[in-house]
Every structure is written in C-alpha cells, then in structure tokens.
Amino acid sequence: MAQVPSSQALLEKIVSLSKRRGFIFQSSEIYGGLNGCWDFGPLGVEMLRNIKDAWWRAMTGRGGIEGIDASILMHPRVWEASGHVQNFSDPMVDCRECKMRYRVDHLFGEMSEKKLRAISKATTLEGALAKTLNMQSQEVTKEQLAEILLSMIEKSDTLFSELVEKELIGCPNCGRVKTLTPPRNFNLMFETHIGPVKDDSNAVYLRPETAQGIFVNFLNVMQSSRQKVPFGICQIGKSFRNEINTKNFLFRTREFEQMEMQFFCKAGTDEQFFEEWRETRWNWWQSLGMPESKMRFKPHEKLAHYAKAAGDIEFLFPFGFGEIEGIHNRTDFDLTRHTEFSGKSLQVHDEQTKEKYTPYVVETAAGATRGFMALLCNAYEEEQVEGEQRVVMRLSPSIAPIKVAVLPLVNKDGMPEIAQSLEKDLRRSMKSFYDDSGAVGRRYRRMDEIGTPFAVTIDSDTLVDQTVTIRERDSMKQIRIAIAGVRQYLMDKMD
RNA sequence: GCGGGAGUAACUCAGUUGGUAGAGUCACAGCCUUCCAAGCUGUUGGUCGCGGGUUCGAGUCCCGUCUCCCGCUCCA
C-alpha cells in the first residue's frame, strides 16, 4: 500500500533525501548558502544529464532539428530587440503603512476613469495627452489614459511622488494617502560588465532565456546545415533571472537550465505546428515516467508581447501545479525585431512563390531544472512492506542515476569477487554500483531510496550454475538468469 | 521587500530557571549473516547558521545579519 505524505512534509523529505544521498546540495552551504542557488551532487547530475540527453536525442534524433550551444553573454542590443530591456523590468511601489507592494501599471490599470482624469487635470497632463494622441482629451479611453500616464511617470523621476503628495494616489489596500514609496525599478535581468572597468558603456546581461541565441543564429544554422524551412534549432543551457523571490526548492531559482527548441515555419502553417509540438512535448514528459494524472496543459489567457498563442505544460508539484514547459507561437516577432535592430535581413526565399518572407516561430521551452524536480517529486513514495517503511524512488530506468547494483549475498565463498567482476563488466555499458556492506536487505533498500531500478545478487547457486538473481525495484520480485545474459537483459530494460 | 515559522553531528531531533553539548539514524572498520533496513564491537563527525552585546559563564537572554519553509507581492 503506497502512500504519499502531506504536501509540505513531502517537499521537506525530498530536500532532505536529496542532500543525504547526493542529489542536490545548497549552493555555498559552508558559507551559509546563497539565496535560491543549488548544486547538483553526484546522483543529481547523473539524473539531470539523463533528462537532458533524452531531450537532446528526442530533438536532434527526429530529423530536421539542429543543435547549437550559444554564448551566455550576448550583444546588449539583443535584449533591446527581444523586448526584455523594456518589458523585463517593472516599476513597483510599496505602501509604507500596510506593506503591500504594487506594480505601478497595475495601480493605474485598476483605477476608475474619473480618478484617472482627475490626476491628468491636476498634473496638467491633459494638454500633453491630447497632443500625444492628436485628439481631444474627451475621446481618450481609460486604457489610453493609464498608458500615457504610466509612460510619463517612467520618464519622470518625481512625477509619481508628486501625485502621492497631492493625495491623488492612495494605497488601494489600506486606503491611506501619502504612504506610497517612489517607484523602484526591478530589472529581472542580471547585469555584468565586459572588461575590468565597470561602466555603463560596457554593460552586458546574462541571458534570461536561451531562445535569443537561436534567433540571432537562425541564418548561420540554416545555411551551414543546409536546412530549409520548416526546420528547428534546439539548445540546452543556463539562463538567469533576477527573481524578486526564490521559492520552492528548485522551482524558482535565479540560475536555471533550459531546453529550448525554436521551430521555424511559414506563416499559415504555424498553428498546425503549434498543435503538433504541444502534443509531442506532452508525450515526451510521459515517456520519462510522468503520469498524465499529474499533468495539465494550461493555455495563457494573457499573451506576452510576442505571442499569438501560448500555453504551459504543468506538473502537480507538492505545492500545486507549476509550469515545466511553455509552448509558444512567437509569430515572426523575434526575427522581425532582430532584422530591425541589426539591419540584417533574416528572411528566407520561397521557391514556389518566388517571394521572400520572415518565418514564424513555434517555441518549446522546457525547464531542465524544473523537470528534474518534477520527476524527483513524482518518483518519491513511501510504502509499508511487512511492517517496515520503504522509501522508494520510482524513477524510470532511463533517468535513474544508477541503473544497477551488484551485490554478493554474503561476503564469503568468492561471491564478492564474482560480483566485483560483474560490476566492472556492466560499468562499461551503464552506471552501476557495487555494495557488500551489511545485510542484503539493507542494501536493497538503500538502492530503492535513490531509484536504482535493478539489483543483481550473487548467491551460492551462482557458484554452482553461473546464474544470478535480478531484483526489480518496484515489485521487489526476483528472477534468476545466467550471469552471461545479465548485461543484455538490463540493456533491453533501459529503453 | 513585508508578515509568520525554523536553523544544534551527514539526516531527524532533544537540550530544564544561563553552568564543560546528547540520542536515534546514516556513514566507516571489523564480526555475524544464504534474499528485503531493527544482531555484536569499535570509530569518525558539532566554531550550537554567522557576527556583535549582556554575564564570572550564553545552544539558552538582547541586537544585527544570512539561509530555508509558508503566506503576501512578484513571476516579460
């Protein structure tokens, strides 16, 4: 009878086990840790690599998709073109009294039209608004009014504070006036500097997504690999976002790894490819052992500036559903923008119509780090076996960090030597582990806890007829086969 | 960033009104063991998150700070 502990306890158990067994350590732990940063230990890195390898094979192995590995540092103009410089920072204010925090644009967005007009009049923005929009102020909609106000606030260091002082903007939560702080910018991109001298002129960003490295290399890849639209480019790599808050173990971190694929296609075919990829990616997660019962696809209601359609594959984490992959129809937004900002044409030639066009892009952006955590959470189970508790990681053999343990039943009669020899042989084909300490039952349980799917045991029968037992993790059932056939037996089970 | 909770051995946790830091588990070395974590012996391992302060004396009281968890906020 399997059981899953309550949600808050479950995550703590997984964090604890991760550290104890070497999946995940907190970054810089001996210095007190670093907020939201985690290190992969020996088992964690094996499992992460297995996930990434599976993804890489699924992408590059299907044909029509090329891989790249772009630099993390890119030309700063890339992020102007992508919209990140403008959209990836939100001015925010705090209420000094009730401690609520607001995004300034949300503040105006929820304001009544009457209020917005009162603010405009009081700040003599009315004329400027009319001028900007080239129309009478009475015809300006509420949304336009809010938008213009916002842009004026962004251009002025003092305007917002003036409005607060004149009691035109109060705290929506506690209703007090004169309590809102001046707006502060939260830029979610990490900034650093090229060269030893720190200077605005040499500022660069750590990439907040890997996608842009693909877009700027679009023509390079297409020409060098002799691909034709439709085709895809994929990449695995680290990305960085200066999140205000990190939380939930590996789920929201400032440094994380992405597995992204951008599929370039002609406008008009994009919607069909979007659907195809949505299904392909959904099925891929299941191929790693993720059950459909813990997954859902959630379409975005509010679309980002670049997207025509978008949705997330979500996994039911202990803390609730969370995104593990986004599927977006980015249209021709990115290539068009890079054409504008770089001055280089990123169009392709249509052989049939003899026309040039900018391809549309369907993006699949999976989180390697998040996927790792999802698969770890999914695998963790506690069950009662003959009155004893058994902790078992039901990891799919394809992603399990160690594939097989080789154990002598007892440490005598030459069993350790035979086991060591077999382990050495298996090691060449798969990650294996030899263990002769304590009772065999204890060793089985240790392997269960780290998700090792198989255990081969050398016993006294082995000495007589060269057979061994293979114990399967989930069922704990054993079969007996010839020692010479072990390697092939396991290889067949790995697929 | 705000509010709440927590931080003592690798893990889970005790530690009384302030008086020389403990247990279980794990790990390691042996012994014993012929199939599912509980046998025996021994061993390693702790600047009590970090830094100040009060005190003759601080794991314990005070201040600051860091990290983790929950909630709010945020999450192009």
Side-chain angles (χ1 to χ4, degrees), chain A residues 7-9 11-13 15-22 25-38 41 79 82-90 92-103 105-106 173 181 184 186-189 208-209 211 241-249 251-254 300 302-307 310 312 318-319 322-323 326 328 385-392 407-413 415 436-449 455-463 468-471 473 475-478 480:
Chain A
S7 58
Q8 64 267 47
L11 193 55
E12 283 171 27
K13 285 182 177 186
V15 172
S16 168
L17 187 150
S18 292
K19 181 183 177 184
R20 186 159 38 87
R21 292 304 188 188
F25 308 123
Q26 194 186 1
S27 165
S28 318
E29 191 189 24
I30 63 171
Y31 287 99
L34 182 63
N35 186 296
C37 294
W38 303 88
W79 306 110
S82 71
H84 284 82
V85 170
Q86 194 191 348
N87 294 320
F88 221 56
S89 77
D90 301 308
M92 294 201 272
V93 297
D94 295 298
C95 172
R96 293 194 185 90
E97 288 298 321
C98 70
K99 308 299 181 189
M100 285 291 282
R101 170 172 290 174
Y102 305 97
R103 268 170 63 168
D105 57 332
H106 289 181
N173 182 52
T181 63
R184 286 185 297 170
F186 283 70
N187 194 326
L188 297 183
M189 281 197 291
E209 63 176 23
R241 294 183 190 183
N242 210 349
E243 300 286 355
I244 294 167
N245 271 342
T246 59
K247 70 193 296 191
N248 292 328
F249 197 35
F251 187 77
R252 169 148 297 134
T253 56
R254 299 207 166 97
H300 286 193
K302 234 176 70 183
L303 293 176
H305 58 275
Y306 54 75
D312 296 334
F319 55 82
E323 176 193 353
H328 300 161
V385 178
E386 294 173 16
E388 300 277 349
Q389 188 184 63
R390 182 171 87 121
V391 174
V392 54
L407 321 166
L409 185 59
V410 291
N411 290 321
K412 59 184 185 188
D413 301 337
M415 292 181 203
D436 63 10
S437 77
V440 72
R442 185 186 297 266
R443 286 177 262 157
Y444 285 144
R445 297 299 173 85
R446 260 201 297 256
M447 287 296 123
D448 291 340
E449 201 179 36
V456 177
T457 302
I458 310 305
D459 59 17
S460 53
D461 286 358
T462 312
L463 309 174
V468 296
T469 62
I470 296 183
R471 180 254 196 191
R473 176 196 65 205
S475 64
M476 296 182 282
K477 295 253 169 58
Q478 293 182 323
R480 181 169 283 277

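By convention in this document, chain letters (A, B, ...) are assigned in the order of the sequence lines, proteins followed by strands, and residues within each chain are numbered from 1.
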- Message: With a 3.5 Å distance limit and no angle check, can you tell me whether A/Arg443 reaches the backbone of A/Gly438 through a side-chain donor-acceptor pair?
- Response: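 Checked: pair present.
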
- Query: Does A/Arg254 reach the main-chain N or O of A/Glu243 with its side chain, forming a donor-acceptor pair under 3.5 Å?
  - Reply: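 Flag set: sc A/Arg254 to bb A/Glu243 pair under 3.5 Å.
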
- Query: For atom C1', what is the distance between B/C13 and B/U8, given to the nearest Å?
  - Reply: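 9 Å, rounded to whole Å.
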
With sugar-phosphate meaning primed atoms plus P, OP1 and OP2, does [X] contact a base, only sugar-phosphate, or nothing at under 4.0 Å between heavy atoms?
X: A/Asp413; answer: base
X: A/Ser460; answer: base
X: A/Ser82; answer: nothing
X: A/Glu209; answer: base
X: A/Phe249; answer: sugar-phosphate
X: A/Gly41; answer: nothing
X: A/Asp459; answer: base

- Mind checking who B/C13 pairs with, Watson-Crick or G-U wobble, both distances under 3.5 Å?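 With both distances under 3.5 Å, B/C13 matches B/G22.
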
- Task: Can you tell me the pairing partner of B/G3 across any strand shown, Watson-Crick or G-U wobble, with both distances under 3.5 angstrom?
- Result: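 Across all strands, the one nucleotide that pairs with B/G3 is B/C70.
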
[X] side chain N/O closer than 4.0 Å to the phosphate oxygens (OP1, OP2) of [N]?
X: A/Asn411; N: B/U33; value: no
X: A/Lys19; N: B/C11; value: yes
X: A/Ser437; N: B/A27; value: no

Protein-nucleotide distance ([X], atom [atom1]; [N], atom [atom2]), rounded to Å:
X: A/Leu11; N: B/G71; atom1: CG; atom2: C1'; value: 15 Å
X: A/Glu243; N: B/U73; atom1: CD; atom2: P; value: 16 Å
X: A/Arg21; N: B/U12; atom1: CZ; atom2: C1'; value: 14 Å
X: A/Arg446; N: B/A37; atom1: CZ; atom2: P; value: 13 Å
X: A/Glu12; N: B/C68; atom1: CD; atom2: P; value: 14 Å
X: A/Gln389; N: B/U12; atom1: CD; atom2: C1'; value: 13 Å
X: A/Arg390; N: B/C36; atom1: CZ; atom2: C1'; value: 9 Å

- Look up atom CG in A/Asp312 and atom NE2 in A/His300, then write down how far apart they are to the nearest 0.5 Å.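 Rounded to the nearest 0.5 Å, the CG-NE2 separation comes out at 3.0 Å.
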
[X] side chain, from C-beta outward: closest of [options]:
X: A/Arg20; options: B/C35, B/C11, B/U33; value: B/C11
X: A/Arg442; options: B/U33, B/A37, B/C69; value: B/A37
X: A/Arg241; options: B/U34, B/A10, B/A76; value: B/A76
X: A/Lys247; options: B/A37, B/C35, B/U73; value: B/U73
X: A/Leu409; options: B/A38, B/C68, B/U34; value: B/U34
X: A/Met476; options: B/C36, B/C70, B/A76; value: B/C36

Does [X] get its side chain close enough to the base of [N], under 3.5 Å, for a donor-acceptor pair?
X: A/Thr469; N: B/C35; result: yes
X: A/Gln478; N: B/C35; result: yes
X: A/Arg471; N: B/C36; result: yes

- A/Phe251 and A/Glu323: which non-hydrogen atoms are nearest, and at how many Å?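 Heavy atoms of A/Phe251 and A/Glu323 come nearest at CE1-O, 3.5 Å.
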
